[in-house]
Q: 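To start, I am sharing the structure in question, which I have written as structure tokens.
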Amino acid sequence: MKMYAKGVSVDDQSKALAFYTDKLGFQVKHDIPLGEYRWLTVVSPEEPEGVELLLEPNAHPATPVYQAALKADGIPFTAFSVDDLDAEVARLEKAGVEFTKAPMDVGTAKIAVLDDTCGNLIQLIELKE
């Protein structure tokens, strides 16, 4: 068994697609209409055959409440790894991405947290060797 997709709930699939592709640099893997919503996944250009990130509508009544609670407490929904956190943060800030936590050293890693504009905080992590 291996992972196929990781879901992130979003308040608007089109807005999420623009953010995750235009700002973060992911690429569309699947965009399949399914009535009101879409099966919408993106992948890292570094791993086009890797785990897909499913931009899933937060249509279930519990999802927006859960998202809001995590965000209010400053808890990231998920994390993405980067090779050079400082360079990635600088690139993303230049693109207009807002960070809720500036880069910080946490011992075995450096982390920062960004707002994905779709209801989530996302942690970026650079693991130290």
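All values below were derived from every heavy atom in this structure, side-chain atoms included, with hydrogens, water molecules and symmetry-related copies excluded.
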Q: According to the salt bridge (Lys or Arg N to Asp or Glu O under 4.0 Å) rule, which pairs have a member within residues 75-86, sequence neighbours left out?
A: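 As it turns out, the salt bridge (Lys or Arg N to Asp or Glu O under 4.0 Å) pairs with a partner in residues 75-86, which skip direct neighbours, are Asp86-Lys110.
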Q: Rounded to the nearest 0.5 Å, what's the gap from OG on Ser44 to CD on Gln27? Could you check?
A: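 Answer rounded to 0.5 Å: 7.5 Å.
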Q: Can you tell me which residue pairs pass the ring pair (Phe, Tyr, Trp, His ring centres under 6.0 Å) test with a partner in residues 80-126, sequence neighbours excluded?
A: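 Qualifying pairs: Phe26-Phe80.
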Q: Kindly indicate whether the side chain of Ile122, heavy atoms from C-beta on, has any atom under 4.5 Å from the side chain of Tyr20.
A: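 Of all side-chain heavy-atom pairs linking Tyr20 with Ile122, at least one is under 4.5 Å.
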Q: Please list all pairs passing the salt bridge (Lys or Arg N to Asp or Glu O under 4.0 Å) test where one or both residues lie in residues 3-13, with sequence neighbours left out.
A: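 Listed once each, the pairs are Asp11-Lys15.
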Q: Mind checking ring pair (Phe, Tyr, Trp, His ring centres under 6.0 Å) for Tyr66 and listing every partner two or more places apart, or none if nothing turns up?
A: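 Testing Tyr66 for ring pair (Phe, Tyr, Trp, His ring centres under 6.0 Å), a comparison that skips the adjacent residues, returns none.
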Q: Is there side-chain contact between Asp116 and Val97, with at least one heavy-atom pair below 4.5 Å?
A: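 Not touching, per the 4.5 Å side-chain cut-off.
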Q: Write out all pairs satisfying salt bridge (Lys or Arg N to Asp or Glu O under 4.0 Å) with one or both partners inside residues 46-59, taking only residues at least two apart or from two chains.
A: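 Residue pairs passing salt bridge (Lys or Arg N to Asp or Glu O under 4.0 Å), neighbours aside: Lys29-Glu49.
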Q: Cluster partners of Ile32, using ILVMFWY side-chain heavy atoms under 4.5 angstrom, listed by chain and number?
A: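 So far as hydrophobic clustering goes, Ile32 is joined with Tyr4, Leu34, Trp39, Leu54.
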Q: Is there side-chain contact between Thr41 and Leu53, with heavy atoms separated by less than 4.5 Å?
A: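 They are not in side-chain contact.
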Q: Please answer: with hydrophobic residues joined when any side-chain heavy atoms are less than 4.5 Å apart, are Leu24 and Val28 in the same cluster?
A: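 Both belong to a single hydrophobic cluster.
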Q: Could you state the interatomic distance from CD1 (Ile111) to CG (Leu124), rounded to the nearest 0.5 Å?
A: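 Those atoms lie 10.0 Å apart.
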Q: Which pairs would a plain distance check flag for residues 100-107, meaning a side-chain donor or acceptor within less than 3.5 Å of a matching protein atom at least two apart in sequence or in another chain?
A:
{"from": "Asp105", "atom 1": "OD1", "to": "Gly107", "atom 2": "N", "distance (Å)": "2.8"}
{"from": "Asp105", "atom 1": "OD1", "to": "Lys128", "atom 2": "NZ", "distance (Å)": "2.9"}
{"from": "Asp105", "atom 1": "OD2", "to": "Lys128", "atom 2": "NZ", "distance (Å)": "2.4"}

Q: Quick one: salt bridge (Lys or Arg N to Asp or Glu O under 4.0 Å) pairs with a partner in residues 30-42, sequence neighbours left out?
A: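 Those involving residues 30-42 are Asp31-Arg38.
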Q: Please answer whether the main-chain N or O of Leu17 pairs with a side-chain N or O of Thr21 as donor and acceptor at a distance below 3.5 Å.
A: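 Yes; at least one donor-acceptor contact below 3.5 Å.
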Q: Excluding sequence neighbours, so at least two apart, what forms ring pair (Phe, Tyr, Trp, His ring centres under 6.0 Å) with Phe77?
A: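 Partners of Phe77 by the ring pair (Phe, Tyr, Trp, His ring centres under 6.0 Å) criterion come out as none, since no residue qualifies.
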Q: Report, one line per pair, each donor and acceptor closer than 3.5 Å where one atom sits in a side chain of residues 67-74; sequence neighbours left out.
A:
{"from": "Gln67", "atom 1": "OE1", "to": "Asn58", "atom 2": "ND2", "distance (Å)": "2.7"}
{"from": "Gln67", "atom 1": "NE2", "to": "Ser9", "atom 2": "O", "distance (Å)": "2.9"}
{"from": "Gln67", "atom 1": "NE2", "to": "Asn120", "atom 2": "OD1", "distance (Å)": "3.0"}
{"from": "Lys71", "atom 1": "NZ", "to": "Asp115", "atom 2": "OD1", "distance (Å)": "3.3"}
{"from": "Lys71", "atom 1": "NZ", "to": "Asp115", "atom 2": "OD2", "distance (Å)": "3.0"}

Q: Is any side-chain heavy atom of Leu55 closer than 4.5 Å to a side-chain heavy atom of Val42?
A: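 Side chain of Leu55 against side chain of Val42, heavy atoms only: contact under 4.5 Å found.
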Q: Who clusters with Leu121? Use side-chain heavy atoms, under 4.5 angstrom, across I, L, V, M, F, W and Y, and order the result by chain and number.
A: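 For the cluster that includes Leu121, the remaining residues are Val113.
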Q: Does a side-chain heavy-atom distance below 4.5 Å link Leu127 with Thr108?
A: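 Contact flag for Leu127/Thr108 side chains = no.
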Q: Quick one: list whatever passes salt bridge (Lys or Arg N to Asp or Glu O under 4.0 Å) with Glu88, sequence neighbours left out.
A: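 By the salt bridge (Lys or Arg N to Asp or Glu O under 4.0 Å) rule, Glu88 matches Arg91.
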Q: In Å, rounded to the nearest 0.5 Å, how long is the span from CG of Leu85 to CD1 of Ile125?
A: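 Going from CG on Leu85 over to CD1 on Ile125, the span is 9.0 Å.
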Q: Could you state whether Val82 and Val8 fall into the same hydrophobic cluster, counting links through intermediate Ile, Leu, Val, Met, Phe, Trp or Tyr residues with side-chain heavy atoms under 4.5 angstrom apart?
A: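 In one cluster: yes.
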